[in-house]
Amino acid sequence: MPKLTINGREVEVPAGTNLIEAARALGVEVPHYCYHPGLSIAGQCRLCMVDIEKTPRPTIACNTLAADGMVVLTETERVKETRRSIMEFHLINHPLDCPVCDQAGECWLQIYYMRHGLYDPRMTDEKVHKPKAVPLGPHVILDAERCILCSRCVRFCDEVTGTGELGIFHRGDQSEIGLFPGQELANKYSANVVDICPVGALTERDFRFAVRVWYLDVTKSVCPGCARGCNVEVHVNRRRPHHNEGRRVARLKPRFNADVNKWWICDAGRYGFKAVDDKTRLREPFRREAGTVTDASWDEAIAAVAGALERYAPDEVGVLASPRMANEDLFALRRVLERRGIRRVAFRVPPAVDGDQDEILIRADKNPNARGAELLGLDGDAAALLAAARARQVKCLWIFDHDLLASAWPEALVLGALGAVETLVWVGANANATSERAHWVLPAAAWVEREGTYTNFEGRVQRLRQAVEPLGQALPEWEILGRVLEALGAGARPPRAERWFRELAAATPAFAGLSYQAIGDGGQMVRA
Amino acid sequence: MSSHARVPSAAHAGLASPAQVTFSPAQLAEVRRLQGLYPDPRAALLPVLHMAQDTFGYVSLEVEEYVAGLFALSPAHVHEVVTFYTLYFQTPKGRHVVAVCHNLSCHLAGARAIIDHLEARLGVTVGETTDDGRVTLQSVECLCACEHAPMMQVDERYEFDLTPEKVDRILERLR
Ligand code: SF4
Ligand code: SF4
Ligand code: FES
């Protein structure tokens, strides 16, 4: 492992580490645009210049590997002057439209420019004009005048998705990012080019002009869109609710996790948060009798559910848990089942259309926690459960989240089962055709409104964290189930998700030794 | 940037229609030979694009896609190359290409007057093709013959020490 000195401090890095990463290991930032750790080296922007002892000129750090005994200086006057000149060059034809640019506040052109104090442009000639506000595809919009031609977006489409839609056309000051005429940027990961574009050339159509980025609060979480469990940041607009018509979740951004999703997320996951502020969200518990809906308090609802569980024989109760529930929820549910001796439980409802899957991230299983539900022993025969309901063996059916009418099961069979049961309880965040038929509907907090963990398809347990308050009276399922347990006489319920997890880990061998602290930001594997 | 205002129709310029964008077996063998000459077969893109231009008249988007297929490249990357080099034509060109150098030496030696003269005689402006499809007029950067400024390239041939009279004689020869 080469040992080198950067700005007077020694550091040892693995062979093959470039100088940007070696400096990063010491907490030293080498300004750069075109280098991205997830892409090949282009050496295109020239911003990452550093001085290396015994080298006559400043050298680009991205394409220079750390070597034993190397002495590197990143902040000499010569380096700073070089950077200043390079940025002045990048800005020659830039429209300087930061006041109307979405990237303002998270733009590396702006940040580095201001940091190097180059405030008065010396350009007096007319700038070269290029296309502005060009939609490239469903999610991405291009302003070619703001582009610094770093080619990150091109390399992403070549190297990560292999779709190759983008190119740099023409040359010199006419060079411009674009699509092959007639194509669009519609691959399943297209919006990642917005994240890696260091400037405001590529912005998100969905987020465009929604809210200034400095008003956003950031919470680390996990995408619930499929069994991969990509790590994300939830960006929330609490401080300017009047911007963006009160939509609380402004956007999702990928969060680096070397073992799960690297730097990326898919577009389906990125824009999957819309349900959170959707008008189908349920806010209060209610009951439905002979088609009439009456609001209920939580106490009434919990009492009704606990009462039903006690009224029916254990064999007359069927539970359809959901692989969208967190481990804590599923464990609380298992406690309820154990307490009443209920055996009819399942969680797999076949989807109406098979999910897509690829070699990059996307998994066919569109649920975040099927593995967790398996490990927690809830994997029963769902079709048999439905048949038992139809045959009136199951009299009380308790469904979490699922819309059975949007499943692969024939509608007649589902309607037959739902119509046959005496008591249908439904718990979830968004109303659907199945909840419309329930006798009791209990509103659950959405994934961004609560704490918990998912276990991804590989067995990695990862935390979701609360970014916003639950809407209305919605509660996390672990809390709903804790209250049901209390009503069944089980004693005081754990007050927080973390305490539920502690109990879960103590009671379930696969999770032994895990804790929220151990899981941290990157997740922890269950025991094989 | 060239203007595409006055391009002759493909029919009268005797050009292939997109449906015919296919190399002959002999040409395909040549493509494979060229690709084998380089450590990275992509290096053969330039000669193959010239072949395509000679065969199909100009490098249309269909031609770019066809060539991309021969190299297992995305069409966007072939488009990058074609738009980078001025010697690839993206629209039909005339039977002859007259390219006048307008770089420093030629400029100082009167290239502007030569261009003005050509524009007047041909009835086109730089970047355009005559209505009869005979000549495409271009102005280009240095062609490496400063000692004979002003100069121009007519098809494959350099013409030196230009005067309006000499230009007229050269135009006479172009049919
Ligand atoms: S659009 Fe952005 S990512 Fe793409 S080349 Fe331009 S600056 Fe780089
Ligand atoms: S691959 Fe799955 S987990 Fe990752 S962002 Fe897409 S939907 Fe979400
Ligand atoms: S980051 Fe090194 S040249 Fe761009």
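Everything numeric in this text was worked out from a predicted model, so none of it was measured. Residue numbers begin at 1 in each chain, while the letters A, B, ... track the order of the sequences.
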Could you tell me whether F84(B) and H170(A) have their ring centroids closer than 6.0 angstrom?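 Centroid distance F84(B)-H170(A): not below 6.0 Å, so no.
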Within a radius of less than 6.0 Å around [atom1] of [X], do more than 12 heavy atoms belonging to other residues, nucleotides or ligands occur?
{"X": "R134(B)", "atom1": "CZ", "result": "yes"}
{"X": "R57(A)", "atom1": "CZ", "result": "no"}
{"X": "E147(B)", "atom1": "CD", "result": "yes"}
{"X": "F89(A)", "atom1": "CZ", "result": "no"}
{"X": "H50(B)", "atom1": "NE2", "result": "yes"}

Do side-chain atoms of T83(B) reach the backbone of F169(A) as a donor and acceptor pair under 3.5 angstrom?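 Answer holds: no.
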Taking E80(B) for the side chain and I168(A) for the main chain, is one N or O donor matched with an acceptor at less than 3.5 Å?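 Answer holds: yes.
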Which heavy atom in A76(B) sits nearest to a heavy atom in G167(A), and how many Å separate them? CB-N, 4.3 Å
What I'd like to find out is whether the side chain of E65(B) reaches to under 4.5 Å of the side chain of F180(A), using heavy atoms alone. yes
Any non-hydrogen side-chain atom of H79(B) less than 4.5 Å from a side-chain atom of L179(A)?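 Not touching, per the 4.5 Å side-chain cut-off.
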